Amino acid sequence: MDLTYSPQEETFRAEVRAFLEAELPDHISAAVRSGVELPREIYQEWHEILGRKGWLGTTWPKEYGGPGWTPVERYIFDVECSRAYAPRIVAFGPHMLGPVIQKFGSDAQKQDILPRILSGEDWWAQGYSEPGAGSDLASLKTRAERDGDHYVVNGQKTWTTLGQHANRIFCLVRTKFDGKPQEGISFLLMDIDTPGIEVRPIRLIEGGHEVNEVFFSDVRVPVSNLVGEENKGWTIAKYLLTHERTNIAGVGISMQALEEVKALARSLKRRGKPLIEDPLFAVRIARVESDLEAMKITNLRMLFTAQKHGQPGPETSILKIKGTVINQELRDLARRALGPLAAPFPGHVIDGNLVMGPKDTDANAAVYFNNRKTSIFGGSNEIQRNILTKTMLEL
Amino acid sequence: MNFDLTEDRQMLSDTLRRYLSANCVIEKRNEIAYSAPFHSPQCWSEMAELGIPGALVDEAHGGYGGTGFDIAVVFEELGRALCPEPFLGTLLASRLLLAAGADQQDLIDGSVRYAVAISELDEPYDPAFMIASATRSGEGYALEGRKTAVYGGHVTDVLLVAAMLDGRPAVFSVEAKSAALTSYGMIDGGGAAEVVFDATPATLLIEDAGKALDDMFAAGRLALCAEAVGAMDVAYTLLLDYLRTRKQFGTAIGKFQALQHRAVDLLAEIEQARSITISLAAALGSDEAMPRSAMAKGLIGRVARLVAEETIQMQGGIAMTWEYASSHYAKRLVMIDHQLGDTDQCEGEIIRRYAAA
Ligand SMILES: Cc1cc2nc3c(=O)[nH]c(=O)nc-3n(C[C@H](O)[C@H](O)[C@H](O)COP(=O)(O)OP(=O)(O)OC[C@H]3O[C@@H](n4cnc5c(N)ncnc54)[C@H](O)[C@@H]3O)c2cc1C
């Protein structure tokens, strides 16, 4: 057992850090630090910077233009990016569709789609969930019916993250209407500006616009936009979910959030002393810090196994469950620490001269509420438990 | 022993519920609560006409209530509707006016609005550590310092301000228009203000205010606990309805035992929250009020967060949306912990008493 990084890994870390220092613009890290919703341009600018460096498809092998990183290198990249307040990479193109096209796409699809993801030119959205199909994704109803060289798509997707910024969307659609639901699903690509597609905003709990409903009425999609075989979309969907998981523990973001909480608790006061000296508050930090330290190792252990044996196993559900809970706990502390200073609605600007709390903390409550999503999406924590139960009990 | 409400209080509760379910339905409530002035002047005057402020004041001072149970009944109903009207300020002010032996007729009839300024940037919850101070100036006093999170301060006529006088907490009365007020809306709806005092003229209301402030805190915490209980009841009802009707995997999600047990655990916690609130209501006005308020508010802080987080989690994505009422209940339930003492502050108060005993 050896918990130190190899010399190559240390060199890699230094390289990533130097890149971030040189290439991550101040206005971008400042926007990330503030905790407010990022506009499209900020993501886009960052995607393009990463694209030029060849670091946008972090999971991609070299043959497709990726950096060919090991899981541990990807982890280091993630931690360093969080530490530097780089925007998270919007996962749908680089982390989700890219690997799918590499495994299931036709040559034409590979040539058309992959370069445009790598350069940041295309912004993909994920059209899986529907109003009636959340955890039970296989019950999805959006239908695609063949008409000559086209599919005609009708139905509705929902929760489409950042769909308002996307120019393309990959969807799971129903192409067979009898038999097992899983066996009638296909994986279809669409341009968002195709006639008949309408994107409508959903406002989230904290007031932000991050997700959307997408409506399809008689949308004509060329058959060449089908990925893999018709009615084999479920296999692709499952493959994609395992890829969605490599950074699922969000360790980098939690490490940064922990530092923020400590800094905040040093600068705020309670009963004449720094908040950090209040044992009741400090013990909350101590607990989550210990959990996070353990999580780092749990995460690395699982990455190590994946590196050795190929696919990550069902244990990654543990990363999702514990990782989200740790992150949510940290967001709770960042809100709690502020006391009444957490209350103002972040959009209602307070007179410029009247600062409420320490810098970049005015969205702390909003961020806390928004982050309740992490235990719901990408397979809720209950669904993760079901997956684990199945493999553990073998009943 | 009797846990039933008296007939009068039941009537008060019914009246208020009827009024709020007609005038403060969630869509309208959200419009009011999240845009300036973060409350409805019309609802405010109608509720004053219904006698809400009067229910918070005892008969000797012109009201018809003023006990812990009166306060609890009113705020539980406000909580059920997530009503953003700034009655917390009314209650806090009334307790201070009571301690000062001052007339409160204008508070009771709603013609003058009051808010109370306690919290500061460097001390949110404990008045013993305030920095804002007063000095004698001619006939009256002058205030210096800044107060934060003055609930209802965005629409008040009179501010009652806790400030140090000769090293001890005192309470002053200030005309709102003579102080520099900045208003804002809150993430869970409703409004507040920041107030900066710069040689602001003030009238002394209570010179040695330690006891009066304790009573005010106890009453305010009771109100917030009752509000939380009301909000939890509704949040829980929404959850149960959803568990019954939402179908996944061909069945109501309420059929999944993983959710059933958690729903039942929540019920147990909510009942505990209700009980500790009743315990505090009974203690209001006695020496036990302040320590009991620490227990109640500390417990409610834990339970309210749990109810907020679990109701979101167990309903899934829908509960993350602005459109669905549940999210607004969750926000209010979490943010109640940030008012008049969070769980850590309250548990700290309890612990310090152990050492002192
Ligand atoms: C902010 C946000 C962003 C999202 N982004 C996207 C996106 O970009 N693209 C996309 O396609 N989707 C997206 N989603 C959708 C997300 O994947 C779903 O919300 C998720 O799958 C849960 O589905 P649901 O919300 O319909 O909840 P439901 O499936 O209705 O579940 C409700 C509750 O029941 C529980 N439950 C369900 N089944 C079981 C069971 N068998 N046993 C025990 N408990 C169960 C759930 O865990 C949950 O607690 C997003 C969601 C959110 C909130």
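Every value quoted in this text rests on a predicted model; they were computed, and no experiment measured them.
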Quiz item: What class does the angle between the rings of B:F38 and B:H154 fall in, given that below 30° is parallel, 30 to 60° is tilted and above 60° is perpendicular?
Solution: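 Geometry flag for B:H154 against B:F38: tilted rings.
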
Practice problem: Just say parallel, tilted or perpendicular for the rings of A:F345 and B:Y34, cut-offs at 30° and 60°. | Solution: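 Rings of A:F345 and B:Y34: perpendicular, as their planes differ by over 60°.
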
What part of [X] gets within 4.5 angstrom of chain A, counting heavy atoms only: side chain, backbone, both, or neither?
{"X": "B:I253", "answer": "neither"}
{"X": "B:Y125", "answer": "side chain"}
{"X": "B:Q345", "answer": "side chain"}
{"X": "B:D342", "answer": "side chain"}
{"X": "B:I131", "answer": "neither"}
{"X": "B:T321", "answer": "both"}
{"X": "B:Q339", "answer": "neither"}
{"X": "B:D337", "answer": "side chain"}

Would you mind telling me which of [options] has the largest number of heavy-atom pairs within less than 4.5 Å of chain A?
{"options": "B:E323, B:M130, B:E347, B:R305", "value": "B:R305"}
{"options": "B:R246, B:E123, B:M314, B:Q313", "value": "B:Q313"}
{"options": "B:K247, B:R262, B:E120", "value": "B:R262"}

Quiz item: Using the benzene-type ring in the case of Trp, are the ring centres of B:F256 and B:H261 under 6.0 Å apart?
Solution: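 Between B:H261 and B:F256, which both carry aromatic rings, the centre distance is not below 6.0 Å.
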
Quiz item: Is the shortest distance from a Lys or Arg side-chain nitrogen in B:D126 or A:R271 to a carboxylate oxygen in the other one below 4.0 Å?
Solution: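 Yes, charged N to carboxylate O under 4.0 Å.
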
Self-check item: Under-4.0 Å salt bridge between A:K176 and A:E183
Solution: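 Here A:K176 does not pair with A:E183 in a salt bridge, since their nearest N and O are not under 4.0 Å apart.
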
Exercise. Test side chain to side chain donor-acceptor pair (under 3.5 Å) on A:E213 and A:Q156 and set out the steps.
Key: CA-CA 7 Å; A:E213 297 177 289; A:Q156 185 198 340; 3.0 Å; yes

Exercise. Could you tell me which portion of A:P181 (side chain, backbone, both or neither) has an atom closer than 4.5 angstrom to a non-hydrogen atom of chain B?
Key: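 When you check distances to chain B, no heavy atom of A:P181 falls under 4.5 Å.
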
Quiz item: Side chain, backbone, both or neither: which part of A:A133 has a heavy atom under 4.5 Å from chain B?
Solution: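 The answer is the backbone of A:A133.
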
Quiz item: Sub-3.5 Å donor-acceptor pair from the side chain of A:T160 to the main-chain atoms of A:G163, do we have one?
Solution: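 Between the backbone of A:G163 and the side chain of A:T160 there is no qualifying donor-acceptor contact (under 3.5 Å).
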
Show which side-chain atoms of residues 199-210 of chain A pair as donor or acceptor with protein atoms under 3.5 Å away, not counting sequence neighbours.
residue: A:R200; atom: NE; partner: A:E198; partner atom: OE2; Å: 2.9
residue: A:R200; atom: NH2; partner: A:E198; partner atom: OE1; Å: 3.4
residue: A:R203; atom: NE; partner: A:G207; partner atom: O; Å: 3.3
residue: A:E206; atom: OE2; partner: A:G208; partner atom: N; Å: 3.3
residue: A:E206; atom: OE2; partner: A:N370; partner atom: ND2; Å: 3.2
residue: A:H209; atom: NE2; partner: A:N212; partner atom: OD1; Å: 2.7
residue: A:E210; atom: OE1; partner: A:N370; partner atom: ND2; Å: 3.1
residue: A:E210; atom: OE1; partner: A:K373; partner atom: NZ; Å: 3.4
residue: A:E210; atom: OE2; partner: A:K373; partner atom: NZ; Å: 2.6

Self-check item: residues 328-335 of chain A: residues contacting chain B (heavy atom under 4.5 Å, by number)
Solution: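 Checking residues 328-335 of chain A against chain B gives A:E329, A:D332, A:R335.
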
